[in-house]
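Take a look at the structure below.
Naming convention: chains lettered A, B, ... in sequence-line order (proteins, then strands); numbering from 1 in each chain. A quick note: this is a predicted structure, and the numbers were derived from the prediction, not measured.
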Amino acid sequence: MDNMEKTYNPEFEQKIYNMWIKGKYFEAHPNPDKEPFTIVMPPPNITGQLHMGHALNNTLQDIIIRFKRMSGFETLWVPGTDHASIATEVKIVDKLKAEGLKKEDIGRDEFLVRAWDWKKQYGGRIVEQLKRLGTSCDWSKEAFTMDENCSNSVLESFVRYYKKGLIYRGNRIINWCPHCRTALSDAEVEYEEQPSNLWYYKYPVVGEDDAIVIATTRPETMLGDTAVAVNPKDEKMNRFIGKMVQLPLTDRVIPVVGDDYCEIGFGTGAVKITPAHDPNDFELGLRHNLEVISCIGEDGLMNENAGKYKGMDRLSCRQAVVEDLDKLGLLVKIEPYAHNVGTCYRCHETVEAIVSKQWFVKMKPLAEPAIKAVKSKKTVFVPQRFEKTYFNWMENIKDWCISRQLWWGHRIPAYYCDDCGEMVVSKTKVDTCPKCGGKMHQDEDVLDTWFSSALWPFSTLGYPKKNKNLSYFYPTNVLVTAYDIIFFWVARMMFSGIEFMEEPPFSQVLIHGIVRDSQGRKMSKSLGNGVDPLEIIDKYGADALRFSLAQGIAPGSDTRFSEGKIESCRNFVNKLWNASRFVIMNIKDDDSLEFPSRLNGNDKWILTRLNDVIKEVTINLNKYEIGIAAATLYDFVWTEFCDWFIEISKPQLYSEDKKQHQHAIAMLVYVLTEILKLLHPFIPFITEEIYSKFAPKGSVLMIQEWPSYNKRLVFRKEAKNFEELQEIVIAVRNMRNEMNLQPSKRISAYIIAKDPAYIKSVTPFFEKLCGINNVMIIENKDSIQEQVSALVTAGAELYIPLGDLIDKDKEIARIKDEIAQTEAVILKTENLLANKGFVAKAPQKLVDGEKEKLAAAKEKLIKLQDKLKMFE
RNA sequence: GGAAACGUAGCUCAGUUGGUUAGAGCAUUCGGUUCACAUCCGAAAGGUCGCAGGUUCGAGUCCUGUCGUUUCCACCA
């Protein structure tokens with residue numbers, strides 16, 4: 001057998017990964033004899049570097065996909081990356097800036113050349129990082145949102161939407177990021193509470209010696225005001241309706257309108273209306289036919305409509321306007337006010353609402369079937385509560401602004417005639433106007449990144465081309481993602497999949513939380529509390545990282561990452577390594593390793609426990625309770641396999657009797673092999689490496705069959721016997737500790753056993769486990785001639801000769817303590833059984849159990865009391 | 001304004017449809033190196049499950065209220 005290092009060292013990970021790749025074990029092909037199981041990876045941005053969020057997300061997917069692969073499914077995990085329109089464009093612009101260039105200086109074509117170069121250079125970075133985690137994706141199907149296939153899907157779906165009237169172009173009020181110089185969808189705006197003020201000032205009523213006082217958080221937008229609104233039911237204010245007011249600092253006169261948008265009692269009861277820079281005002285403007293006067297430009301600066309304030313930024317203009325109003329004596333007061341300000345999700349610049357001509361997806365007709373799919377359980381969220389979030393968004397959805405004033409992305413397939421203005425939407429380039437024969441030019445804008453992401457579950461499989469992969473692997477089975485992109489991505493994939501594939505893109509959505517730092521804070525660049533998964537992998541190995549991410553997580557909830565956690569997982573991996581090393585180094589060349597034909601009691605116990613664990617782990621993995629599955633294995637391997645089974649195997653293993661040795665080693669190898677299979681989805685590298693040390697040459701663990709629960713290897717009676725043995729051993733160890741017995745000190749014990757034959761068979765283990773080197777099985781304690789200390793457990797009574805070892809007072813105290821504990825159990829159980837309701841209504845099994853417990857405790861009490869008398 | 005989650009040992013968290021004495025890791029205390037592992041082994045200590053009610057034979061678990069923490073959505077100037 002191969003030698004194994006004394007301490008686990010993860011340096012073999014790369015070698016193992018290469019072996020998997022070489023064997024093409026990750027690749028999936030339509031196979032009519034197998035059921036498909038498909039996952040599409042949430043594509044990381046090409047600008048991204050692997051962070052803990054990716055590590056968690058991909059670890060979970062890999063656990064699921066490896067489990068399903070071993071369970072006999074034709075498993076496909078499609079990897080890929082996202083072109084990340086804004087994020088990438090920002091990178092390229094920054095790079096140009098370093099050269100003293102603006103993107104306009106080099107033009108669109110040259111810009112795109114540079115963007116593609118950038119993608120070539122850095123786009124594969126995160127993919128390589130994912131491989132270090134051990135992800136078993138089918139790299140032969142790796143996709144990119146701007147590759148030919150995906151781009152074709154985008155064109156196809158845009159045109160199909162358009163033909164159905166679900167995409168339109170229009171002048172609407174949209175969110176505008178003055179820094180990124182592009183429109184944003186509602187989902188791309190993040191609100192931050194910022195301290196601000198409410199400014200109160202007067203608008204003089206024309207022709208009267210009266211004025212309306214309004215309150216606003218944004219005085220600078222007054223330059224674009226085209227009305228003042230009051231609530232018609234407001235008795236203090238409705239007298240102004242129909243009058244005109246002088247808009248200060250301008251020569252304009254604007255009307256006072258009545259609209260119940262204006263809430264009675266808030267502020268002064270009057271609102272200034274700026275249709276060009278506020279979505280609510282825009283709507284109100286439509287109702288009252290108000291003029292739309294824009295005073296802030298796309299650069300975020302005041303424009304020509306702002307008169308003398310032209311060219312100022314929004315904040316300076318605000319200050320100037322307030323000062324000027326004050327000079328005119330119109331400023332009434334300033335109150336501090338906390339205000340939510342919309343910011344760009346990419347650059348965090350304050351977004352501006354502006355009116356602009358953009359492309360939109362009409363959402364209502366798409367949302368309806370997407371809601372229905374979840375209501376009818378065609379798609380299920382795990383945990384279910386996230387359905388509520390989904391419904392809430394889908395039911396209140398607004399049209400989706402999909403055009404972006406950027407260059408990096410899918411260019412909108414709309415063409416306009418230079419002469420007559422005719423517009424044609426087409427998958428292929430249109431040069432001449434079908435109406436007037438004039439020259440046509442393509443729309444300058446690109447699509448929202450999320451438009452292509454929305455098609456990901458089928459664009460990656462070849463849509464719109466009909467092909468075997470698409471029909472076999474679609475719809476996918478589970479989508480694994482953090483809750484923070486339910487709106488951006490999950491919801492949009494849902495309606496896109498239903499629209500184009502006529503079926504929801506996945507049957508389950510597994511939502512996980514985010515990885516926080518050890519203090520529960522979000523990991524962020526600005527806090528500098530991020531942990532680099534690659535550093536962790538270098539230091540502890542990918543397996544330790546994976547296990548620490550899988551352990552103790554529950555669907556939908558956040559998890560904390562700490563050095564302590566990763567250390568304990570590394571220790572676990574090391575424990576597995578050493579247990580395996582022990583087993584492997586005890587395999588002799590002529591050992592057959594055949595599963596023993598006759599099983600002993602210890603075998604039957606470990607096999608029972610193994611099968612319980614197989615069952616539990618399988619059930620939990622199927623429920624995506626990955627944390628529970630991991631914990632179950634951790635406990636089983638460490639506590640039961642290592643601490644008990646291996647220990648108890650040793651006398652047999654070292655036995656002179658060859659048969660004994662062969663039996664023991666065969667059992668150890670069998671159980672270890674099953675453990676390696678069960679752990680493989682969680683810690684694939686080390687399990688594969690260990691497996692290669694003793695498995696037949698060329699045999700690969702990752703494609704072994706997942707262990708199944710085998711009823712014939714479950715022996716309840718023997719398992720119970722063993723548990724009673726454990727109880728005895730623990731009781732002796734406990735006593736030895738209390739009595740300060742030297743660990744090396746060997747002692748004798750009389751045992752009255754419930755099952756003497758079994759105890760007799762395990763006699764050799766007592767020395768190893770608790771230092772009893774002389775076990776005397778007796779039938780009756782009367783045969784004991786010397787002073788002894790008693791231990792009473794469920795399976796046996798133990799009498800340890802006192803000799804000169806034991807402190808009498810200590811022994812008395814110990815027995816008294818045990819009596820007290822037993823009495824407490826008796827009292828509690830008696831009370832429970834005296835309760836008529838319990839006896840009548842609780843399941844019979846439970847009642848019987850309590851009765852048994854009571855009887856046993858009473859018996860134990862008598863024995864303990866007898867024992868005490870011997871000392872007094 | 002609406003919604004959701006969380007509150008269990010000193011710390012980080014499990015605890016599945018209500019059912020024996022509420023579990024684990026880390027930390028703590030005590031004891032241990034001869035042959036898998038000190039990244040280890042054995043043992044111990046530590047919890048009125050946020051609080052108050054209710055349903056039930058039985059509540060950490062279900063219901064109501066309450067306090068605290070967090071998150072998401074909406075956004076009234």
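Listed for the A:T274 side chain is no donor-acceptor partner under 3.5 Å among the backbone atoms of A:A276. The main-chain N or O of A:N231 is never found under 3.5 Å from a side-chain atom of A:D260 such that the two would form a donor-acceptor pair. Side chain of A:W577 to main chain of A:E5: a donor-acceptor pair is present (N/O by atom type, distance under 3.5 Å, no hydrogens or angles).
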Item to complete: Would you sort out whether A:E563 and A:K539 count as a salt bridge (charged side-chain N to carboxylate O under 4.0 Å, His left out), showing the intermediate values?
Response: CA-CA 11 Å; A:E563 197 88 4; A:K539 195 167 166 198; 3.1 Å; yes
Worksheet entry | Stepwise side-chain contact (heavy atoms from CB on, under 4.5 Å) check, A:I174 with A:L184 | CA-CA 7 Å; A:I174 46 102; A:L184 298 172; over 6 Å; no
Practice prompt. Take A:E689 and A:K693, measure what salt bridge (charged side-chain N to carboxylate O under 4.0 Å, His left out) needs, and give me the verdict at the end.
Written response: CA-CA 7 Å; A:E689 171 72 5; A:K693 301 280 184 192; 3.5 Å; yes
Discussion item. Between A:D558 and A:Y483, does the side-chain hydrogen bond (donor to acceptor under 3.5 Å, both in side chains) criterion hold? Intermediate values first, please.
Written reply: CA-CA 10 Å; A:D558 292 348; A:Y483 52 70; 2.8 Å; yes
Worksheet item: Would A:S185 and A:E188 count as a side-chain hydrogen bond (donor to acceptor under 3.5 Å, both in side chains) if you check the C-alpha gap in whole Å, the side-chain angles of each, and the deciding distance to 0.1 Å?
Response: CA-CA 5 Å; A:S185 68; A:E188 287 168 315; 3.2 Å; yes
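Atom pair A:Y201:OH and B:A77:P shows a separation of 14 Å (rounding to whole Å applied). Whole-Å rounding puts the A:K768 NZ to B:U34 P distance at 12 Å. Distance CD1 (A:I566) to P (B:G25): 18 Å, rounded to an integer number of Å. Atom C1' of nucleotide B:A3 and atom CZ of A:F386 are separated by 12 Å, given to the nearest angstrom. Protein atom CD1 of A:I486 is 15 Å distant from nucleotide atom P of B:A4, rounded to whole Å. Rounded to whole Å, the distance from CZ on A:F645 to P on B:A36 is 16 Å. Across the protein-nucleic acid pair, A:I212 atom CD1 and B:A77 atom C1' stand 14 Å apart, rounded to whole Å. B:G1 atom P lies 12 Å from atom CD of A:E263, rounded to whole Å.
For the C1' atoms, the distance linking B:U66 with B:G10 amounts to 27 Å, nearest Å. As rounded to the nearest Å, B:A44 and B:G58 have C1' atoms that lie 32 Å from one another. Comparing the C1' positions of B:C49 and B:U8 gives a spacing of 4 Å, expressed to the nearest Å. Annotation: B:C26 and B:U34 have their C1' atoms spaced 31 Å apart (nearest Å). Straight-line distance between the P atoms of B:A4 and B:A43: roughly 46 Å, to the nearest whole Å. Between B:A24 and B:A14, the distance separating the two P atoms is 16 Å to the nearest Å. Between B:A22 and B:U16, the distance separating the two P atoms is 15 Å to the nearest Å. When the P atom is compared between B:U29 and B:C67, the two are found 41 Å apart, to the nearest whole Å.
Counting heavy atoms of neighbouring residues, nucleotides and ligands inside a 6.0 Å radius, atom NZ of A:K650 exceeds 12 of them. Around atom CD of A:Q194, more than 12 heavy atoms belonging to other residues, nucleotides or ligands sit under 6.0 Å away. Heavy atoms from other residues, nucleotides or ligands lying under 6.0 Å from NZ of A:K202 number 12 at most. Within a 6.0 Å sphere centred on CD of A:E723, other residues, nucleotides and ligands contribute more than 12 heavy atoms.
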Would you tabulate the nitrogen or oxygen pairs shorter than 3.5 Å linking the protein to nucleotides 18-24 of chain B?
residue: B:U20; atom: O3'; partner: A:K853; partner atom: NZ; Å: 3.4
residue: B:U20; atom: O2'; partner: A:K853; partner atom: NZ; Å: 3.4
residue: B:U21; atom: OP1; partner: A:K828; partner atom: NZ; Å: 3.1
residue: B:U21; atom: OP2; partner: A:K828; partner atom: NZ; Å: 3.0

For nucleotides 71-75 of chain B, list the nitrogen or oxygen atoms of the protein found under 3.5 Å from its nitrogen or oxygen atoms, one pair per line.
residue: B:C75; atom: OP1; partner: A:K398; partner atom: NZ; Å: 3.0
residue: B:C75; atom: O3'; partner: A:N280; partner atom: ND2; Å: 3.3
residue: B:C75; atom: N3; partner: A:N340; partner atom: ND2; Å: 2.7
residue: B:C75; atom: N4; partner: A:N340; partner atom: ND2; Å: 3.3

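Atoms CG and OG1, from A:D612 and A:T632 in turn, are 11.0 Å apart once rounded to the nearest 0.5 Å. Distance check: A:M222 CE to A:I254 CD1 gives 7.5 Å after rounding to the nearest 0.5 Å.
With pairs defined as Watson-Crick or G-U wobble and both atom distances under 3.5 Å, the stems of at least three pairs that touch RNA chain B come out as B:1-7 with B:67-73, B:10-13 with B:23-26, B:28-32 with B:40-44, B:50-54 with B:62-66.
Within the nucleic acid shown, A:E567 has no heavy atom closer than 4.0 Å to any nucleic acid atom. Residue A:F561 is classed as having no contact, given no heavy-atom separation below 4.0 Å to the nucleic acid. Counting any heavy atom pair closer than 4.0 Å across all strands shown, A:H277 reaches no nucleic acid atom. A:C262 comes within 4.0 angstrom of a nucleotide base, judged by non-hydrogen atoms across all strands.
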Item to complete: Could you run through nucleotides 6-17 of chain B and give me one letter per nucleotide, 5' to 3': B if any protein heavy atom sits under 4.0 Å from the base, S if only the sugar-phosphate is that close, - if neither?
Response: ------SS-SB-
Worksheet item: Tell me, for nucleotides 38-45 of chain B in 5' to 3' order, what letter each nucleotide earns: B for a base near a protein heavy atom under 4.0 Å, S for only sugar-phosphate near one, - for neither?
Response: SBSSBSS-
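Classified by interplanar angle (parallel below 30°, tilted 30° to 60°, perpendicular above 60°), the ring pair A:F547/A:Y634 is parallel.
Mapping A:F266 and A:G564 onto RNA chain B by nearest heavy atom places A:G564 at the nucleotide closer to the 5' end.
Partner of A:N622 under the side-chain contact (heavy atoms from CB on, under 4.5 Å) criterion, chosen from A:T618, A:N620, A:I619: A:T618.
Sorted by first and then second residue, the pairs that involve residues 263-279 of chain A and meet salt bridge (charged side-chain N to carboxylate O under 4.0 Å, His left out), not counting sequence neighbours, are A:D225-A:K272.
The shortest distance between side-chain heavy atoms of A:L621 and A:I626 falls below 4.5 Å.
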